[in-house]
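One structure is given below, encoded as structure tokens.
A quick note: this is a predicted structure, and the numbers were derived from the prediction, not measured.
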Amino acid sequence: SACIGQMDAAGRFLVSHFAPASRREGVEMLRELRHRCPVGFAVCPDLVGMLVRIGFNVVGSGPADFRGEIVEKTILVN
């Protein structure tokens, strides 16, 4: 599994790529990450429910480039 991102100036880890080996391992990794530091995501609507269930909060939304197409992304933080 892999979780790639970068720290912003405020010390929040902004996830850019997330590739779990399995769904269970992915949920466990996100729960652990959530407890280690402030985390931010910008995701497509299909992932919002899972992130909310494991403790992330929706704080907004906005347009973003996704594979060459402008799509609405939801912003979540812990």
Side-chain angles (χ1 to χ4, degrees):
S1 293
C3 184
I4 301 169
Q6 66 182 22
M7 299 298 282
D8 69 5
R12 183 176 303 275
F13 182 70
L14 302 174
V15 178
S16 60
H17 295 82
F18 180 67
S22 68
R23 183 179 178 106
R24 180 179 176 175
E25 188 172 314
V27 169
E28 289 172 3
M29 184 188 304
L30 290 172
R31 283 187 176 140
E32 182 177 331
L33 181 62
R34 182 175 57 104
H35 291 293
R36 288 182 176 233
C37 64
V39 181
F41 285 93
V43 298
C44 293
D46 60 326
L47 297 176
V48 173
M50 182 211 32
L51 291 169
V52 167
R53 280 191 299 279
I54 61 174
F56 289 89
N57 301 301
V58 174
V59 294
S61 64
D65 179 54
F66 182 69
R67 299 179 181 162
E69 186 178 327
I70 300 298
V71 298
E72 191 72 11
K73 293 271 189 143
T74 301
I75 301 163
L76 299 100
V77 297
N78 61 332

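A donor-acceptor contact shorter than 3.5 Å links the side chain of S16 to the backbone of I4. The closest donor-acceptor contact from the side chain of S1 to the backbone of A21 lies under 3.5 Å.
The shortest non-hydrogen separation linking F18 to G26 is CZ-O, 3.5 Å. Closest approach of R34 to I54, counting heavy atoms only: NE-O, 2.9 Å. Contact detail for V48 and V58: the closest heavy-atom pair is CG1-CG2, 3.9 Å. Between G40 and V77, the shortest heavy-atom distance links the atoms CA-CG1, 4.2 Å. Closest of all the heavy-atom pairs between C37 and F13 is SG-CB, 3.8 Å. Nearest approach of A2 to M29, heavy atoms of both residues: N-CE, 4.0 Å.
Around atom NE2 of H35, more than 12 heavy atoms belonging to other residues, nucleotides or ligands sit under 6.0 Å away.
Under a hydrophobic clustering in which Ile, Leu, Val, Met, Phe, Trp and Tyr are joined whenever their side-chain heavy atoms come within less than 4.5 Å, directly or via other members, M7 and L30 fall into the same cluster. At a threshold of 4.5 Å between side-chain heavy atoms, the hydrophobic network of Ile, Leu, Val, Met, Phe, Trp and Tyr places V43 and M50 in one connected group. V52 is connected to V27 through a chain of hydrophobic side-chain contacts under 4.5 Å among Ile, Leu, Val, Met, Phe, Trp and Tyr, so both are in one cluster.
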Discussion item. Please evaluate residues K73 and C44 with respect to the criterion side chain to side chain contact (heavy atoms under 4.5 Å, CB included), reporting the C-alpha separation (whole Å), side-chain torsions for both, the decisive distance (0.1 Å), and the verdict.
Written reply: CA-CA 5 Å; K73 293 271 189 143; C44 293; 3.9 Å; yes
Worksheet item: Yes or no on side chain to side chain contact (heavy atoms under 4.5 Å, CB included) for L47 and L76, after CA distance, side-chain angles and deciding distance?
Response: CA-CA 10 Å; L47 297 176; L76 299 100; over 6 Å; no
Worksheet entry | Test log, rule side chain to side chain contact (heavy atoms under 4.5 Å, CB included), inputs N78 and R36 | CA-CA 10 Å; N78 61 332; R36 288 182 176 233; over 6 Å; no
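Using a 4.5 Å heavy-atom cutoff, the side chains of L33 and V15 are in contact.
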